[in-house]
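Here the structure comes first, spelled out in structure tokens, and everything after it is commentary.
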Protein chains: 2
Amino acid sequence: MDGLDRKILTELQLDGRLTITELASRVQLSVSPCHRRLRDLESSGAIRRYRAVVNAAAVGLNFEAIVFATLRWEHRDTVATFETAVEAIPQVVQAQRLFGEPDYLLRVVAQDLAAYQRLYDEQLAKLPGVQRISSTLVMKHLIEDRPLPH
Amino acid sequence: MDGLDRKILTELQLDGRLTITELASRVQLSVSPCHRRLRDLESSGAIRRYRAVVNAAAVGLNFEAIVFATLRWEHRDTVATFETAVEAIPQVVQAQRLFGEPDYLLRVVAQDLAAYQRLYDEQLAKLPGVQRISSTLVMKHLIEDRPLPH
DNA sequence: GCTGAAAGACGGACGTC
DNA sequence: GACGTCCGTCTTTCAGC
């Protein structure tokens with residue numbers, strides 16, 4: 001992992017569909033070594049995958065919320081049960097477990113406020129092991145999917 | 001935007017480097033119409049971009065934190081000043097403005113705890129217009145970059 | 001949906017530093 | 001060991017019809 005590899009990663013974070021030819025010219029390398037490096041980055045797991053970034057509004061998802069959840073500590077498997085239940089909700093597009101309060105942060109999308117209310121009442125509020133759950137609406141995205149810094 | 005378009009978007013969220021040939025066979029379409037649809041999805045902005053998902057640890061970023069920030073309401077441009085300052089920090093890889101408390105949620109990466117401490121003291125704690133800022137460490141990612149639901 | 005031309009991908013070989 | 005340049009061939013792209 002040297003400067004060239006990092007440069008390749010940066011370019012591919014900006015445009016994941018770059019051709020090897022174009023990528024090679026951007027990082028000032030010829031095609032074959034660039035191709036070799038890319039293959040190594042992919043097989044070593046440095047590049048986890050490629051993804052199209054889809055405009056949520058284009059698929060009718062105009063509503064986004066952040067959910068804060070804190071668990072009760074009942075059993076050893078409170079965590080596992082909760083996490084399984086979260087993973088089963090497709091509207092949860094991002095979820096992380098934190099140290100401290102809250103225990104979990106979820107990013108949830110829905111079609112509109114009504115759909116979110118249904119989702120909240122029927123699924124989020126019923127998640128197992130939860131002591132306290134609250135949610136707030138996302139007003140705006142400042143930064144989304146920015147390339148990792150050096 | 002019909003079922004086929006949605007299917008195309010789903011497949012490309014799972015693998016952004018699918019070739020048209022492969023994509024066409026997955027959505028049960030022949031190559032040309034699939035290609036036309038893809039071009040339309042790209043030019044209409046439904047597909048915002050393509051991006052390589054890079055393993056942060058592979059580039060030496062082993063630390064991740066969530067920052068909660070609430071602003072003081074001094075002037076009309078408190079918000080703009082704060083947002084500009086946030087955007088200038090490359091370690092902030094995701095940022096959203098919320099309704100309610102906190103006003104902002106930032107996702108921050110760093111090489112290690114020491115680097116994060118420096119970043120916090122020298123930059124995050126000095127962000128303009130902030131009334132209260134606090135941060136917590138990310139223990140684990142449950143869900144990351146999941147395809148948008150239907 | 002099909003065709004055809006241009007571009008790109010990808011493996012190998014080989015010489016250089 | 002890594003880069004660069006040649007060489008193949010196969011696949012993909014994308015504008016015609």
In whole angstrom, what separates I8(A)'s CD1 from dA2(D)'s C1'? 13 Å
From the set dA2(D), dC14(D), dG11(C), return the single nucleotide nearest to any side-chain atom of R39(A). dG11(C)
If you go through the side-chain atoms of S32(B), does one of them form a donor-acceptor pair with the base of dC2(C) closer than 3.5 Å? yes
Of dT13(D), dG1(C), dG8(C), the nucleotide closest to the side chain of T19(A) is dG8(C)
Rounded off to whole Å, could you give me the CG-to-P distance for the L38(A) and dG8(C) pair? 16 Å
Can you figure out which of dG1(C), dC3(D), dT12(D) approaches the side chain of R36(A) most closely? dC3(D)
Whole angstrom is fine here: how far is it from CG in L18(A) over to C1' in dG8(C)? 13 Å
Just wondering, do Y120(B) and I133(B) contact through their side chains at under 4.5 Å, heavy atoms? yes
Rounded to the nearest Å, what distance is computed from the CZ atom of residue R17(A) to the P atom of nucleotide dG8(C)? 14 Å
Would you kindly give the CG-to-C1' distance between D40(B) and dA15(D), to the nearest whole Å? 14 Å
Check the side chains of Q91(A) and Y116(A) for a donor-acceptor pair under 3.5 angstrom, ignoring hydrogens and angles. no
As a check of understanding: the bend across the helix from dG1(C)-dC17(D) to dC17(C)-dG1(D), end axes from five pairs, rounded to 10 degrees, works out to 30°
Using side-chain heavy atoms (C-beta onward) and a distance below 4.5 Å, is P147(A) in contact with V54(B)? no
If you measure from CZ on R37(B) to NZ on K7(B), what distance do you get to the nearest 0.5 Å? 11.0 Å
Are any of the side-chain heavy atoms of V130(A) and L71(A) separated by less than 4.5 Å? yes
With a cut-off of less than 4.0 Å, is there a side-chain N or O of H35(B) near OP1 or OP2 of dC14(D)? yes
Main-chain N/O of G16(B) paired to R49(A) side chain as donor or acceptor, under 3.5 Å: no
Distance check needed: dA9(C) P versus L23(A) CG, whole Å only. 9 Å
For L142(B), is there any backbone N or O sitting under 3.5 Å from a side-chain donor or acceptor partner on R97(A)? no
Can you tell me if the side-chain N/O atoms of S30(A) get under 4.0 Å from OP1 or OP2 in dC3(D)? no
Grab the CD1-C1' distance between I20(B) and dT12(D) for me, whole Å please. 9 Å
To the nearest angstrom, the CZ-P distance between R37(B) and dC14(D) comes to 18 Å
